[in-house]
Structure formats: C-alpha cells, structure tokens
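Let me begin by presenting the structure, written as structure tokens, before commenting on it.
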Amino acid sequence: MKREVESRLARALREVARARGITAALPTPTMERPKKPEHGDFATNVALASAKVFGQKPQEIAAALRGALEGDPHFARIDVAGPGFLNVKLSPRAFHSALAEVLAEGRTFGRARAATGERINLEFVSANPTGPLHVGHGRSAVVGDIVGRLLDAAGHRVIREYYVNDAGNQVRLLAESVIAKARGEADPEGGYGANAYVDELGAWANDHYQELIETRAIAELSRRLVAVMLSGYTPGTGIQRTLRTLGIFHDVWSSEAAVHMDGRVERALDTLRKEGWLEDREGATFFLSTKLGDDKDRVVFKSDGGHTYFASDVAYHKDKLDRGFDRLIDVWGADHHGYIPRLSNALSALGLPKERFEVILVQMVSILKNGEPYRMGKRLGNFITIDEILEEIDEATGRPGSGRDAIRYYFAARRTDAHIDIDVEIAKKQSLDNPVYYLQYGHARLCSILKKGAEECGLLEGELPVDVDALAPLTHGDELAIVQLLAEWPDTIAEAARGREAHKIVTYLTTLTQSFQSYYTRLSKENDTILPRSSARADGSWRSDPATVAKVAARLAWVRAIRDVYAAGLELLGISAPERMDRVAVEETE
RNA sequence: GUGCCCGUAGCUCAGCUGGAUAGAGCGGCAGCCUUCUAAGCUGCUGGUCGCGCGUUCGAAUCGCGCCGGGCACGCCA
C-alpha cells in the first residue's frame, strides 16, 4: 500500500524534475503515516528534502507534485500543507485492494514467501548447567526465541543452539558441593552449597550416585550432574523443562567438553600460535588481542595449565562458522559486553569473517522486593527462578499457561537495551493485570464474531469474499484505517527482524488492538453492528436486503483479516491466542 | 579513571535511519453494558523529552561536553 503510493510519488518527482531540467540526484521519496488523521492517509516530506536540489521553495515543489499526481484514481485528495508537506488521501478502492491482499495470504501474510535469507546460527540461554534458570536467563531465553521466530518469518534459516559449559570449574564445583552436602562436610570455596536446590540435589545424588560420592569421582559425578541439571533430577526440575514451559526449544545442544575432546580447541590455538597471535608470558599464554584494538591481551592458558573459557569459546565459534553459517548471533547478558572485542578479534586472527559474528546484548534484570534490591547470582543463595514466577502467576490466574504468556509478554515488550526492574511483590499483584490479556482478549473477540457469523448467519470463514469489488461495502473510516494498519504488518516484521527487536511486534499488536476495540465500541454508539442484530439473525430477516448481506460479508472478511494478522503476531511472540476468554467476575465493592 | 547501555507523564515503558500539536499501559477523576464478550470503550488529569552547546528550514531523535543510574574493565564465569 505504502509502496504503491511511493512509486507513484517517485514517478511524479522525476516528471517535475525533468520539466525543470534538473539532472542532479533526487532524494528517494518516502511516505509515512501521519500522526494526525487530518493530515491524510499518507504524508511525505519529499518537497522539503528536495528544496536544495531544486533551488525552489518546498511549497512550490509540493504544489507541482500535486499537479502531477492529481487525476490518478488511486488518490481521493492531495493537499499541500505546512512548510511543504504533501498529504494524500487514498480512494476507498486503494484500501479494498490492500485488504484483498491480506485476505489472499491469511496467516502467512507478511512472512517471507521462501527461505531465501541467511543461514543463521542463533545461540541463546547457554546458562551454566549448575542451577535452575533465573529471571535474567528468562529474559535472554524469551528474547532469543522471539528473534528466532522473527528471523524465520523474514525468510532466514535459523538453527537454535544451546552451548553447554560442561567442562569448566563451575560444574566441578557443583559436584564438590554435592559431595560436601551428602557427607555433611563444609562447602568448598566458591561452591554452591548455599543454594536451596543443592540440598535437594545433594539428597537425591546421595540416593542415586552413592558410589561416585563415596569415591569422590568428581569428573564422573560432574558429567552426571550436568545431564540431570538439564533434563531434571525429579519431575518439575531441569533447565530443558523450564524452557519447554516457556515455549522455547533448541535444535542443537553443543557441549564444551566435546569441543575439547575433538581437539578443536587445540587446533584453533595451534593456528593462532603459528600465525604469531599467542605469546607466553608470566607462565601463562596470551592472545594478542591488543594488536586488533582490544584494551588488553587475553589469557587462553592459565599459569596452572588450565584453559580459560575464552579459549574454548574461540574454538566453538570457529566451529560454528566452519559449519557453514552465514551469520552467528549470540544472545548474551549485557554484563558480558566487554567480551565481544576479544572474541571477534580472535575470529579475525583465525582468518574468519568477524562481521558474520553478532551479539544481542540483553540488559540486566534487577529484582526488587518492596523497593529493596534482591540480590541475584548463583552463589548468593537467594535468587528468583523462572519456575517460581511461572507457578505464582498460573496460580494467581487459575489458568495454566498464563504464567508463560505473562512472562513472555513482559520480556518481549521492552527493548533489549533497557534495564528492567521487577518488584516481585508488584509483579504478583499485577499478574492479573498484565497487558498480555489485553492482546489476547482482542483476539478472542475477533474469533467470537467470526464464530457467530458462521453459526448464526451461515457465513463460513472459508467462504467469505476476498476480491476487491466484494469489499466495496467497507466505507467506515475506522475500517479503512485498520486496513492501512494491516498493510504495515509486513514492514513491521521485516523491521523487527532486521533490528532484532521483538518489542516492535508488541507495539504493533497493541496499536492494532486499540484500533479495533475502539472501533467496536464506537460502532455500537453509532447504532451499527458488524453482524446483524440478534433478532434479525434469529429470524433471518437480515437476508432480505442484498446490501446488508454484502456489507455483513465484507465486514466479516475484514474481521478475518485482522484476526489472521493478530494470530500471526501472537504466534511470533509465542503467546497463546485463545479463541475465547470468559468474562472475569467483577469484584464486589463494599 | 576507561569503555558500553540507559535517563521521555506520579510508576513501568514506546517513539530515536531528523518532520507538523511527544504517545500507551498502570494510577487518579468523570462517564458508557436490553444489542457482536465491560479482561472493553470515551473524556479529563498528568511532560523544562536529565542539563548545556552545536549541526539545520526543522532536534526527544544526530554530534560534542557535563550530570545521574546500571554494567564491565581477573590467569571468574
């Protein structure tokens, strides 16, 4: 819709320029939806932008453009306004043909028709398998998942990957803590003993891995513990189960230990050494990251002979590129931002294209309790897990799955580079008041209208009109404005995918809901309805007037288009789209 | 101290590839259910877009400098 107007405008601009003998490069004309409806359906500032090239006042150029555009049946009206804006109002038919396009594609409208984009490896969550996921992980998980859905919709081929840090100190410490717990010994330095789940885990491990604990077989115990931390040691535990509850899945689970065992780390480091990127000093081995602009050189082998995580990360990212991806996208907590230059430098040093490596930084989530900071962190003993929050919300609403919807909404609605404060007390109180229900209600209402239309008017969804002429009865200003909004859906997806910005989908859906809900109420104030009134539905009298029949059918088709875009939007967010939501009991006021 | 992110209504946040009178939700106040779901709608209330300078026809948006908050600056992850 917008593109059609823009191409007409571009043609007009070229005409006007030619008439004046102007050969210099012209600005690309762009149309946008004005904030004020009085400014028409679309507005452009191209006359202002062209003033220099033309050596003419913006108003004069705008007037000339109007002259060139007038007479085109696509437009109902063209005005020059303010300092030289050109405001255009489209003919109803332009809207009807835009709607016909939406109807032709239904739920796939706005998605890329074929996966012709990049092969993308999207790595997200990758939390250490040493404890349950907390809210910070939850944010990365939700953001990563939705970005993955967006990239799919934009025509990329996405592999979702979880990198399991199963080879380092942390898993060893967990094993030692579990042993200490099982034998009633003191927790090791930096151990996990202070965390409540370690009590449970210790007791469980004592029953299941008694021998490993007695012989202090730390390596083997670590291996087992990683597996159970991921898959769960009792029903209701496990990182994978938490992710599943959130509606999140990974295609590939890769193991850091495997990267080592295959010799991939060794090979990558050998290559770096051969190319002169490593230096032994002070008993350790450094990667010369400063040569490429980093602040410091970075250790790959510690003086105790062990490797750093950085060493295996280099090998792991090289491996991902070797697997043939056009792009690697990692979702990281913002506290790791200083890590980007060294990794990207290391990829360069290995002769790999570092511009294919990209990181989405997700800012911190701070937990407050009654306004006071509530410390998170695995070694502090008290942190809020995703499971706890999910349970609490499900319980508060009495609707399983509402916790997932609420959490996904909460994290999806905000830009990733904004810090988030969650006050657990307020979050609990607001769980029934979450804006996610507003979106879902909008969808339920649309579904309900379609259902009634099918059941009581015999207008089945699949048989609704989809061609331009049949849509002609749609003349209400609100109806046309919403069509324009629907026509923006493909651009919204593309833009959100390009910028990896999930929140744009939320913003779009909120606007769409507001527009529809507002129309819905206004229509009844205007003594009009989408479906015939119940009495006319019951006795079939509405069928006697062909104009009414055509109008009802056109409006239902329009409702279906909105519902389809809506459902597609909720699907991108991974939020359920209920077909009905029963009216909530109003609390009695005393 | 250096680097990155943030600072917009009482609160939580959109808007930021420069455009016309800066938006939404929550809160507060006042209204709207005999009709297709009131988990909704309408109106009112509420703003030095952190501060200053600059760039230009035009700045919440771009640049520079401050101020405030967060994060990172380990042979931790």
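Reminder, nothing fancy here: chain letters follow the sequence lines and each chain counts from 1. The figures here come from the full heavy-atom set of this structure, side chains too, leaving out hydrogens, waters and symmetry mates.
- rU34(B) and rC26(B): their P atoms are spaced 24 Å apart (whole Å).
- No donor-acceptor contact under 3.5 Å links the side chain of His503(A) to the base of rC13(B).
- The aromatic ring of Phe85(A) stacks onto the base of rA20(B), its centre lying under 5.5 Å from the centre of the six-membered base ring with the two planes under 30° apart.
- Aromatic stacking is marked for His336(A) over rA77(B), as both cut-offs hold: 5.5 Å for the centres and 30° for the planes.
- Counting non-hydrogen atoms under 4.0 angstrom, Ser534(A) reaches the backbone sugars and phosphates but no base.
- The nucleotide whose nearest atom lies closest to any side-chain atom of Ala81(A) is, among rU35(B), rC73(B), rA20(B), rA20(B).
- When the nucleotides rG23(B), rG74(B), rA14(B) are ranked by their closest atom to the side chain of Lys36(A), rG23(B) comes out on top.
- Here the nucleotide nearest the side chain of Asp417(A), chosen from rC5(B), rA20(B), rC4(B), is rC5(B).
- Within the nucleic acid shown, Leu361(A) has no heavy atom closer than 4.0 Å to any nucleic acid atom.
- The pair Lys451(A)-Glu456(A) fails the salt-bridge criterion, with no side-chain N (NZ, NE, NH1 or NH2) lying under 4.0 Å from an Asp/Glu carboxylate O.
- Distances from the side chain of Lys35(A) to the nucleotides rC71(B), rA20(B), rA14(B) place rA20(B) closest.
- Under the Watson-Crick or G-U wobble criterion, with both distances below 3.5 Å, rC71(B) is paired with rG3(B).
- For a distance-only test at 3.5 Å, the side chain of Thr529(A) fails to qualify as a donor-acceptor partner of the base of rC36(B).
- Following rounding to the nearest Å, Tyr520(A) (OH) and rC33(B) (C1') show an atom-to-atom distance of 11 Å.
- Nucleotide rG65(B): paired with rC51(B) (Watson-Crick or G-U wobble, both distances less than 3.5 Å).
- Here the separation of rG47(B) from rA9(B), taken at their C1' atoms, is 5 Å to the nearest Å.
- Residues Asp478(A) and Arg522(A) are paired through a salt bridge, judged by an N-O separation under 4.0 Å between the basic side chain and the carboxylate.
- Within the shown strands, rU42(B) is the pairing partner of rA30(B) under the Watson-Crick or G-U definition, both distances less than 3.5 Å.
- Interface remark: the Asp295(A) side chain does not form any donor-acceptor pair with the rA72(B) base, using a distance-only criterion of under 3.5 Å.
- Using a 4.0 Å heavy-atom distance criterion, Ala334(A) is classed as a sugar-phosphate-only contact.
- Taking atom CZ of residue Arg399(A) and atom C1' of nucleotide rA39(B), one finds them 10 Å apart after rounding to whole Å.
- An anti base is found at rC57(B): its glycosidic angle is more than 90° from 0.
- Distances shown here put a side-chain N or O of Tyr438(A) below 4.0 Å from the OP1 or OP2 atom of rC41(B).
- Taking atom C1' in both rC51(B) and rG7(B), one finds a spacing of 11 Å when rounded to whole Å.
- Side-chain N/O atoms of Ser518(A) include one lying less than 4.0 angstrom from OP1 or OP2 on rU42(B).
- The Ala43(A) side chain lies nearest to rA20(B) when the options are rC41(B), rA20(B), rG15(B).
- Comparing rA77(B), rU35(B), rG40(B) against the side chain of Asn128(A) picks out rA77(B) as the nearest.
- Remark: rA60(B) base-pairs with no nucleotide in the shown strands. Criterion, Watson-Crick or G-U wobble with two distances under 3.5 Å.
- Using a 4.0 Å heavy-atom criterion, one finds that Ser303(A) contacts the bases of the nucleic acid, with or without backbone contacts as well.
- Comparing rC75(B), rG74(B), rC13(B) by their nearest atom to the side chain of Arg414(A) picks out rC13(B).
- rU48(B) and rU42(B): their P atoms are spaced 26 Å apart (whole Å).
- By the 4.0 Å N-to-carboxylate-O rule, Glu455(A) lies too far from Lys452(A) to be salt-bridged with it.
- Nucleotides rU12(B) and rU21(B) place their P atoms 29 Å apart, quoted to the nearest Å.
- Across all strands, Asp313(A) comes closer than 4.0 Å to no nucleic acid atom at all (heavy-atom distances).
- Phe357(A) and His317(A) have their aromatic ring centers within a separation under 6.0 angstrom.
- Using atom P as the reference point in both rC4(B) and rG27(B), the two lie 40 Å apart (nearest Å).
- Heavy atoms of Ile449(A) sit under 4.0 angstrom from primed sugar atoms or phosphate atoms, though from no base atom.
- Of all nucleotides listed (rC6(B), rA14(B), rA24(B)), rC6(B) comes nearest to the side chain of His419(A).
- We find that the ring of His39(A) and the base of rA20(B) stack, their centres lying under 5.5 angstrom apart and their planes tilted less than 30°.
- At the heavy-atom level, Glu282(A) lies under 4.0 Å from base atoms of the strands shown.
- Positionally, the nearest nucleotide of RNA chain B for Arg533(A) lies more toward the 5' end than for the other of Arg533(A) and Thr513(A).
- With both pairing distances under 3.5 Å, rA24(B) is matched to rU12(B) as a Watson-Crick or G-U wobble pair.
- We find that CG of Asn45(A) is positioned 14 Å from C1' of rU61(B), with the value rounded to whole Å.
- Side-chain contact check for Asp313(A) and Tyr339(A): at least one donor-acceptor pair (N or O, by modelled atom type) lies under 3.5 Å.
- A salt bridge is defined here as a Lys NZ or Arg NE, NH1 or NH2 lying under 4.0 Å from an Asp or Glu carboxylate O, and Arg281(A) with Glu279(A) meets this definition.
- Nucleotide rU17(B) has no partner under the Watson-Crick or G-U criteria, as no pair reaches both atom distances under 3.5 Å.
- Between the CZ atom of Arg415(A) and the P atom of rU61(B) there is a distance of 14 Å, given to the nearest Å.
- In this structure, Gln517(A) atom CD and rG25(B) atom P are separated by 12 Å, rounded to whole Å.
- A salt bridge links Asp280(A) with Arg273(A); the closest basic N to acidic carboxylate O contact falls under 4.0 Å.
- Nearest-nucleotide mapping onto RNA chain B: of Gly283(A) and Gly442(A), the residue sitting toward the 5' end is Gly442(A).
- Residue Arg445(A) contributes atom CZ, which lies 9 Å from atom C1' of rA39(B) at whole-angstrom precision.
- For the P atoms, the distance linking rG25(B) with rG43(B) amounts to 10 Å, nearest Å.
- Between rC66(B) and rC29(B), the two P atoms lie 46 Å apart (nearest whole Å).
- The side chain of Asp335(A) has rA72(B) as its nearest neighbour among rA72(B), rC57(B), rC41(B).
- Between Phe124(A) and Tyr162(A), the ring center distance fails the sub-6.0 Å criterion.
- Distance, Asp582(A) CG to rA38(B) C1': 14 Å, rounded to whole Å.
- The side chain of Thr507(A) lies closest to rA14(B), out of rA77(B), rA14(B), rC71(B).
- Between His307(A) atom NE2 and rC75(B) atom P the separation is 15 Å, expressed in whole Å.
- Between Phe286(A) and Trp277(A), the distance from one ring center to the other does not fall under 6.0 angstrom.
- Between Arg33(A) and Glu488(A), at least one side-chain nitrogen of the basic residue sits less than 4.0 Å from a carboxylate oxygen of the acidic one, meeting the salt-bridge criterion.
- Arg537(A) comes within contact range of the sugar-phosphate backbone alone, with a heavy-atom separation under 4.0 Å but no base atom that close.
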